[in-house]
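Here the structure is laid out as structure tokens; the discussion comes afterwards.
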Amino acid sequence: MRNHSIVSEFILLGLSADPQIQALLFVLFFVIYILTLMGNLMMLLVIRVDSQLHNPMYFFLGQLSFLDLCHSSVTVPKLLENLLSEKKTISVEGCTAQVFFVFATGGTESCLLAVMAYDRYVAISSPLLYGQMMNRKLCMGLVWGSWGLAFMDALINILVALNLDFCEAQNIHHFSCELPSLYPLSCSDVSAGFTALLCSSLLHFFGNFLLIFFSYVCIFFTILSISSTKGRSKASHLTAVSFFYGSGLLRYLMPNSGSTQELIFSLQYSVITPMLNPLIYSLKNKEVKAAVRKMLRKCF
């Protein structure tokens with residue numbers, strides 16, 4: 001932030017001011033975070049050690065698990081810290097860094113979910129050519145492209161936010177720093193920031209959502225001609241998409257008011273979804289369940 005900004009730190013008001021409720025919330029989110037770490041690390045390990053899972057679908061699934069680890073680790077540790085401390089502050093620089101990484105990891109996951117939808121479309125529509133079409137070079141390019149686009153988008157938004165001044169208001173009615181929560185606190189012109197955020201939400205997130213939508217339209221038409229349950233099971237990726245996009249788009253497109261709905265949407269895509277993704281993909285996937293059982297037999 002510029003040197004003439006008067007405010008040097010913000011106060012994250014969090015989810016509740018009641019100490020007893022805060023203690024219960026700490027236990028709840030601590031358990032959720034541990035389950036998130038265990039579930040996603042388990043997915044990464046299983047995909048790494050089982051040679052039968054060395055194909056494009058599980059390569060992207062491993063990248064999603066890594067992203068979920070990063071995305072939840074940006075917000076949850078600070079949330080847990082604030083639930084235990086009386087002084088729930090975060091420096092302006094720390095808040096800016098959290099905004100950047102929330103935007104970057106969330107944007108990368110948005111792109112990766114679109115890539116995974118395309119991968120499912122190719123697997124279902126052209127199973128014989130799947131290995132040739134989704135070769136390692138293309139898969140690596142799609143993953144690096146997802147990271148690159150998301151970080152560029154986050155950088156553009158954070159550079160605009162760095163020009164803001166914060167003079168009096170310090171209270172953020174949220175458990176983490178997000179762009180929609182910062183703009184109402186600024187005493188300078190935020191029109192450029194709102195425009196950049198709106199363009200990012202529409203072009204980046206909504207654009208990826210349209211790619212996913214059209215991929216699944218094609219998938220569903222293809223599945224209509226497949227009578228086996230195997231063909232239908234390949235569309236389970238849609239569940240993860242619904243959780244992430246349903247909450248993420250609503251959070252960034254709705255007006256900022258510090259309402260309970262905003263907190264619920266943020267918790268959904270930044271805390272709950274990273275925990276659920278390993279369950280969604282493992283419980284509906286015979287190959288992953290077989291690989292987990294095989295690994296557990298070797299360990300015990």
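All residue numbers in this chain count up from 1 along the given sequence.
The shortest heavy-atom contact between Tyr130 and Met57 is OH-N, 3.3 Å. The minimum heavy-atom distance between Leu80 and Tyr33, with the atom names listed, is CD1-CD2, 4.5 Å. Nearest heavy atom pair, residue Ala150 against residue Gly107, reads CB-C, 3.4 Å. Residues Lys78 and Gln98 approach most closely at CB-NE2, 4.0 Å, considering heavy atoms. Closest of all the heavy-atom pairs between Ser126 and Met133 is CB-SD, 4.1 Å. Shown here for Ser73 and Leu37, the closest heavy-atom pair between the two residues is OG-CD2, 4.4 Å.
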Run the numbers on Glu9 and Lys87 for side-chain contact (heavy atoms from CB on, under 4.5 Å), then give the verdict.
CA-CA 11 Å; Glu9 61 184 16; Lys87 189 178 180 182; 3.9 Å; yes

Apply the test side-chain contact (heavy atoms from CB on, under 4.5 Å) to residues Thr108 and His71: give CA-CA distance (whole Å), side-chain angles for both, the deciding distance (0.1 Å), then the verdict.
CA-CA 10 Å; Thr108 305; His71 193 58; over 6 Å; no

Determine, stepwise, if the pair Val115 / Val143 fulfils side-chain contact (heavy atoms from CB on, under 4.5 Å).
CA-CA 8 Å; Val115 168; Val143 169; 5.9 Å; no

Would you sort out whether Phe100 and Leu155 count as a side-chain contact (heavy atoms from CB on, under 4.5 Å), showing the intermediate values?
CA-CA 7 Å; Phe100 175 81; Leu155 184 61; 4.3 Å; yes

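Evaluation of the disulfide (SG to SG under 2.5 Å) test over residues 9-79, restricted to residues two or more places apart or in two chains, returns none.
When atom types are taken as modelled, the side chain of Asn135 and the backbone of Gln132 share a donor-acceptor pair closer than 3.5 angstrom. Of the possible polar contacts, one joining the Ser215 side chain to the Leu211 backbone as a donor-acceptor pair under 3.5 Å is found. Of the possible donor and acceptor atoms, one in the side chain of Asn55 sits under 3.5 Å from a partner among the backbone N and O of Tyr58. Although no hydrogens or angles enter the test, the distance criterion places no donor-acceptor pair under 3.5 Å between the side chain of Gln63 and the main chain of Leu112. Side chain of His54 to main chain of Arg48: a donor-acceptor pair is present (N/O by atom type, distance under 3.5 Å, no hydrogens or angles). Judged by distance alone, with hydrogens and angles left aside, the side-chain atoms of Asn40 form a donor-acceptor pair with the main-chain N or O of Thr36 at under 3.5 Å. With hydrogens and angles disregarded, a donor-acceptor distance shorter than 3.5 Å links the side chain of Ser91 to the backbone of Gly94. Within the 3.5 Å criterion, the main-chain N or O of Asp153 finds a donor-acceptor partner in the side chain of Asn157.
By the 30° and 60° cut-offs, the orientation of the rings of Tyr183 relative to Phe194 is tilted.
When hydrophobic clusters are built by joining Ile, Leu, Val, Met, Phe, Trp and Tyr residues whose side-chain heavy atoms come closer than 4.5 Å, directly or via intermediates, Val160 is not grouped with Leu197. Linking Ile, Leu, Val, Met, Phe, Trp and Tyr residues whenever their side-chain heavy atoms come within less than 4.5 Å places Leu45 and Ile34 in a single cluster. With hydrophobic clusters built from ILVMFWY side chains whose heavy atoms lie under 4.5 angstrom apart, Ile156 does not share a cluster with Leu159. Taking hydrophobic clusters as Ile, Leu, Val, Met, Phe, Trp and Tyr residues chained together by side-chain heavy-atom distances below 4.5 Å, Leu142 shares a cluster with Trp144. Under the 4.5 Å side-chain heavy-atom criterion for Ile, Leu, Val, Met, Phe, Trp and Tyr, Met116 and Leu149 are members of distinct hydrophobic clusters.
Here the straight-line distance linking atom CG of Leu113 with atom CG of Leu64 works out to 6.0 Å at 0.5 Å rounding. If you take CD1 on Ile90 and CZ on Phe10, they are separated by 9.0 Å, rounding to the nearest 0.5 Å. Between Gln22 atom CD and Ser85 atom OG the span is 8.5 Å, to the nearest 0.5 Å. Within the model, atoms NZ of Lys88 and CD1 of Ile11 stand 10.5 Å from one another, a figure rounded to the nearest 0.5 Å. Rounded to the nearest 0.5 angstrom, Gln52 CD and Ile47 CD1 are separated by 13.5 Å. Considering CD of Glu81 and OG1 of Thr89, their distance stands at 8.0 Å, rounded to 0.5 Å.
Counting only heavy atoms from C-beta outward, the side chains of Phe175 and Leu13 never approach each other to under 4.5 Å. Between Phe60 and Met134, the closest side-chain pair of non-hydrogen atoms falls below 4.5 Å. No side-chain heavy atom of Thr96 sits less than 4.5 Å from a side-chain heavy atom of Val99. Between Leu12 and Cys177 the shortest side-chain heavy-atom distance falls below 4.5 Å. Side-chain contact between Ser65 and Asn277: absent, with no pair of heavy atoms (C-beta onward) separated by less than 4.5 Å. Contact check for Leu182 versus Glu178: no side-chain heavy atoms found under the 4.5 Å cut-off. Side chains of Met152 and Trp147 form no contact here, defined as non-hydrogen atoms less than 4.5 Å apart. With contacts defined as side-chain heavy-atom distances shorter than 4.5 Å, the pair Phe103/Leu179 qualifies.
Atom CZ of Phe213 has 12 or fewer heavy atoms from other residues, nucleotides or ligands within 6.0 Å.
Ring centroid separation for the pair Tyr121 and Phe214 does not come in under the 6.0 Å cut-off.
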